[in-house]
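Computed from a prediction, not measured in an experiment: that's the story for all the values here. In listed order, ligands and their atoms are each counted from 1.
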Amino acid sequence: MPLPLIIDTDTAADDCFALLVGLLDPRADLLAITMVAGNVGFDQQVDNAFLTVGLSGRLGQVPVYLGARDPLERPWLSASDVHGDGVGGLVRPDDGHAPSDEHAVDALVRLARENRGALRIVAIGPLTNIALAVQRDPEFASNVGTLYVMGGSINARGNITPAAEYNVYVDPEAADIVFSAGIRDVVVISWDPLTITDAVFDQARIDRIAALDTPLSRFFVRANQATFDFDVRVGLGGSSHCDSLSVLLALDPSLATAERRYRVEVETEGTITRGATVFDWQSDDNNVTAIEKVDGERFFEYMLELLSATPGGTEPLDGAPGASDATDPVSAES
Ligand code: BDR
Ligand code: CA
């Protein structure tokens, strides 16, 4: 039986590839794509999501719900200096599809209730929508089966500041609400150490993807280029694929080779540590499982296989690479 899944996303670059995993892997029953404010301008993110669904050949089969356009208490913060517009200037064709009328938070609440105990939610953007769902429905936390959170670093380096990872930094109050909500099974996919060691695609890997020369591989290389260049500039040796790894872990937990229980708390007050995730390894009141290692080679080979498929979707139109919004960009992934 395919696993009921929702991907909550700020769709740009690796978020697109994460959607491809959820859309194309037969182990997933992708019930919804829910959009949250994050990486690039909200409307650009929505176009990026539809463009990706179109490429997968699944338009009209997986609904896209619009959620929070801003963090709970703070102004939105772009990462377009990292990701550009998130799709390398490709343009969504006129596909005639629109987002669902239902708000993403209502959809999250409803689908968690309808799939009580079985729903896997993979949150690969700021946690605003998930926090709002926790606040909207007192039973949401107990209805969710497993929540996978791409966010935070395990007492280690951040990317948007020395202390904080982007998804948590953008909406630390939301992250605090989600980690304190009592969701029975929360799995954290951290920036450091996990994804900057085990989920980095260097130039040799990108070349292998490019050599596939399929619509999906061409899309991957183009949409990934800005992030790749940024990540190389800040010393990662390639692009980090934390979001696609998170969706794959939800479908195939055997990819994890080391994990540990922790109590995680979020710094919401700090001036230089805002958004830091503090992992207490000695607590007897743990609230998350952090994946500490995965089989990175197996992850890459999986992506290679995924991108070699030809699902018969619509290829995006050509356009000029560019940033998606006019706000002051900030530097993530440093
Ligand atoms: C996270 O922030 C975003 O820029 C990426 O999509 C990923 O979800 C990494 O810090
Ligand atoms: Ca993301």
N/O/S atom name from Asp15 that is nearest to the position of the Ca ion (ligand 2) = OD1
Under 4.0 Å to a heavy atom of His83 - the qualifying atoms of ligand 1, by number = 3 (C), 4 (O)
ask   = Which bit of Cys242 gets closer than 4.0 Å to ligand 1, counting heavy atoms only: side chain, backbone, both or neither?
value = side chain
query = Relative to the Ca ion (ligand 2), which of the N, O or S atoms in Asp243 is the closest?
reply = OD2
request  = State if Val82 counts as touching ligand 1 under the rule of any non-hydrogen atom under 4.0 Å.
outcome  = no
request  = Salt-bridge test for Arg274 and Glu269: reply yes if a basic N is under 4.0 Å from a carboxylate O, no otherwise.
outcome  = no
inquiry  = Show the atoms of ligand 1 that are less than 4.0 angstrom away from any heavy atom in Glu165.
reply    = 1 (C), 2 (O), 9 (C), 10 (O)
task = May I ask you to check whether Ile124 has an N/O atom sitting below 3.5 Å from an N/O atom of ligand 1?
result = yes
key: Residue from Asp14, Val232, Asp229, Ile206 passing side chain to side chain contact (heavy atoms under 4.5 Å, CB included) with Ser239   = Ile206
query = With a 4.0 Å cut-off on heavy atoms, does Asp14 reach ligand 1?
reply = no
message = Pairs of nitrogen or oxygen atoms closer than 3.5 Å, one from Trp191 and one from ligand 1: do any exist?
response = no
request  = Return yes if some donor-acceptor pair links the side-chain N/O of Thr214 with the main-chain N/O of Leu307 below 3.5 Å, else return no.
outcome  = yes
message = Distance check below 3.0 Å: does Asp14 bring an N, O or S atom to the Ca ion (ligand 2)?
response = no
key: Glu165 with Arg157: basic N within carboxylate O range, under 4.0 Å   = no
inquiry  = If I take every N, O or S atom of Ala18, is at least one of them less than 3.0 Å from the Ca ion (ligand 2)?
reply    = no
inquiry  = Looking only at the side chains, is there a donor atom on one of Asp285 and Ser283 sitting less than 3.5 Å from an acceptor on the other?
reply    = no
task = Check whether the side chains of Asp295 and Thr257 place a donor and an acceptor atom closer than 3.5 Å, and report yes or no.
result = no
message = Test salt bridge (charged side-chain N to carboxylate O under 4.0 Å, His left out) on Arg298 and Asp252; report intermediate values, then the result.
response = CA-CA 11 Å; Arg298 183 145 79 87; Asp252 183 4; 3.1 Å; yes
ask   = Are His97 and Phe50 near enough that their ring centres are under 6.0 Å apart?
value = no
query = For residues Arg261 and Thr289, is any side-chain donor paired with an opposing acceptor at under 3.5 Å?
reply = yes
ask   = If you measure from each heavy atom of Ala79 to ligand 1, is any distance below 4.0 Å?
value = no
inquiry  = So, of the N/O/S atoms that Asp10 has, which is the nearest one to the Ca ion (ligand 2)?
reply    = OD1
